[in-house]
Amino acid sequence: MKDTRDIATPSKTKEILHKHGFTFKKSLGQNFLTEPNVLRKIVATAEIDDTTNVIEVGPGIGALTEQLAKSAKEVLAFEIDDRLIPVLADTLYDYKNVKVIHQDVLKADLIKLTAENFTDTTLPLKVVANLPYYITTPIMMHFLESDLPVAEMVVMMQKEVADRISAEPGTKAYGSLSIAVQYFMEAKLAFIVPKTVFVPQPNVDSAILKLTRRSEPAVDVINEKEFFKLTKAAFQLRRKTLWNNLLHAYGKDDTTKNWLTKSLTQAAIDPKRRGETLSLSEFEALSNAMMSISK
Ligand code: SAM
C-alpha cells in the first residue's frame, strides 16, 4: 500500500533516517523539521501557488521540499551533503516538479542555474528554506546581492538573527545586517518555532522571517558599495560614538577629519551619536554627503 504520510511526520522521518543509515552532521547545520503543520504554515506564509517558482536551500530529507512541491510550479533545491542526494531521490520520487542540485549554495551561480532549471523563468520566484544556521547571514547576502529577481524570502533562522534583520533603529538588535537586508526587502517576523519540532533539537530558538522585495531600494544612495561600507563602519565598535567609528574606518589624518566633519554637518548628524540611533534616511544623507564632498 502507498505510504501517504508526510515525510516530516516523526515516524516517517525516523524510518527514512534508519533506511538510509543517515547520521546528522552538526557542522552542516542539520536540524530536520518533524512537524508537518509547521511546514504547511511556512508554505502558507510564503503564499505559494502553481504560478510560483521556488528555490530551497538545504532540503535535508525533503520534508519542506515535499510541501513546496505540492503547491509550487517548480522547486529547485540546493543540498551540499552528498549522502542526502540518494535519500532525496527516494523520498521525492513522486514529485516530478522538483530538481535537486548537489552544490554548496554559496558557490552556486544562481542566475545561470535558475535559467537552466526552471521551465518558465518569467514566473515570480520565492526563496523558502529552513536555513543551515551556521551560514544564515552569508546565504541571505548571497541571494540579495545576486541580482536574482527574488520577490519574497520566507526563511527559518535563529530567532536572534531574525530579530537583528527585522530590527528598528534605536534598538539593541539594530545593526549593519538590518540595514543590508532592509535596503532591499521589507522584513517581518512571521512566527516563532519551538526547538521541540526538530531532530536533533537545536540549542537556540527559531523564527520564520518573511522578506518582501521593495519596488525600489529603501533609500536613494549615490553609491551602494560606499553606503554599505559606511553602515558597516558605523557599527564596528558598538559602544563608541559615530565619530570614533568613522575615524577608525576612514583614517585619523586632518584631511579625513575635515571631510568627515563637513559631511556630517551637511547631513545634519551629530558626530557624538551612536550608529544604532541613525535611521536609514540618515545613513543615506551621510553617505551621499561623503560622496559629494571631495576630500
Ligand atoms: N529542509 C530540511 C528540513 O527543514 O528538515 C533540512 C534543514 S537543515 C536546518 C539545513 C540543510 O542545509 C541540511 O540538509 C544541510 O545539509 C544543508 N546545507 C548545509 N550547508 C549547505 C550549503 N552550503 N549549501 C546547501 N545546503 C547546505
Side-chain angles (χ1 to χ4, degrees), residues 5-17 20 22-43 45-46 48 54-72 75-92 95 98-110 113-114 117 126-143 146 153-159 161-162 190-191 193-209:
R5 287 170 302 162
D6 287 325
I7 295 171
T9 52
S11 63
K12 190 158 171 184
T13 300
K14 216 170 153 189
E15 274 172 37
I16 295 168
L17 297 175
H20 293 273
F22 185 81
T23 49
F24 295 100
K25 263 195 194 155
K26 213 174 164 190
S27 62
L28 291 178
Q30 291 177 337
N31 301 95
F32 295 171
L33 266 166
T34 56
E35 173 50 83
N37 286 330
V38 172
L39 293 167
R40 281 193 274 271
K41 216 165 144 190
I42 295 174
V43 177
T45 303
I48 290 162
V54 176
I55 292 184
E56 188 195 4
V57 179
I61 59 168
L64 176 59
T65 328
E66 175 182 51
Q67 303 302 328
L68 293 168
K70 282 182 188 167
S71 304
V75 181
L76 188 62
F78 291 91
E79 177 54 63
I80 198 172
D81 189 344
D82 49 348
R83 300 171 309 152
L84 287 168
I85 304 306
V87 182
L88 288 161
D90 179 17
T91 59
L92 298 173
Y95 299 94
V98 176
K99 273 191 193 149
V100 175
I101 307 230
H102 178 209
Q103 201 175 349
D104 175 350
V105 71
L106 294 177
K107 295 194 180 132
D109 182 341
L110 297 170
L113 288 166
T114 47
N117 288 287
K126 299 190 178 183
V127 175
V128 185
N130 170 15
L131 294 174
Y133 292 179
Y134 72 107
I135 42 169
T136 301
T137 306
I139 292 176
M140 299 297 293
M141 295 320 295
H142 186 52
F143 277 98
S146 70
M153 296 178 80
V154 172
V155 274
M156 171 129 69
M157 58 184 69
Q158 313 88 299
K159 182 171 176 301
V161 181
F191 60 96
V193 181
K195 292 175 196 172
T196 46
V197 299
F198 298 89
V199 280
Q201 284 192 24
N203 299 323
V204 292
D205 287 325
S206 300
I208 302 287
L209 199 63

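Residues take their numbers from the sequence shown, with the count starting at 1. Just follow the structure's listing: the first ligand is 1, and inside any ligand the first atom is 1.
- Here the straight-line distance linking atom OG1 of T137 with atom CE of M157 works out to 8.0 Å at 0.5 Å rounding.
- Remark: the backbone N or O of D81 is not paired with any side-chain donor or acceptor of H102 at under 3.5 angstrom.
- A heavy-atom cutoff of 4.0 Å around ligand 1 is satisfied by the protein residues L28, G29, Q30, N31, F32, L33, E56, G58, P59, G60, F78, E79, I80, D81, L84, Q103, D104, V105, N130, L131, P132, Y134, I135.
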Table please: side-chain donor-acceptor pairs of residues 196-206 below 3.5 Å, with sequence neighbours left out.
from, atom 1, to, atom 2, distance (Å)
S206, OG, Y133, OH, 2.7

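- Proximity of I55 to F143: side-chain heavy atoms (C-beta onward) are separated by under 4.5 Å at one or more points.
- Looking only at distances, a side-chain donor or acceptor of D104 sits under 3.5 Å from a matching main-chain atom of L106.
- Side-chain contact between L68 and E56: present, with at least one pair of heavy atoms (C-beta onward) separated by less than 4.5 Å.
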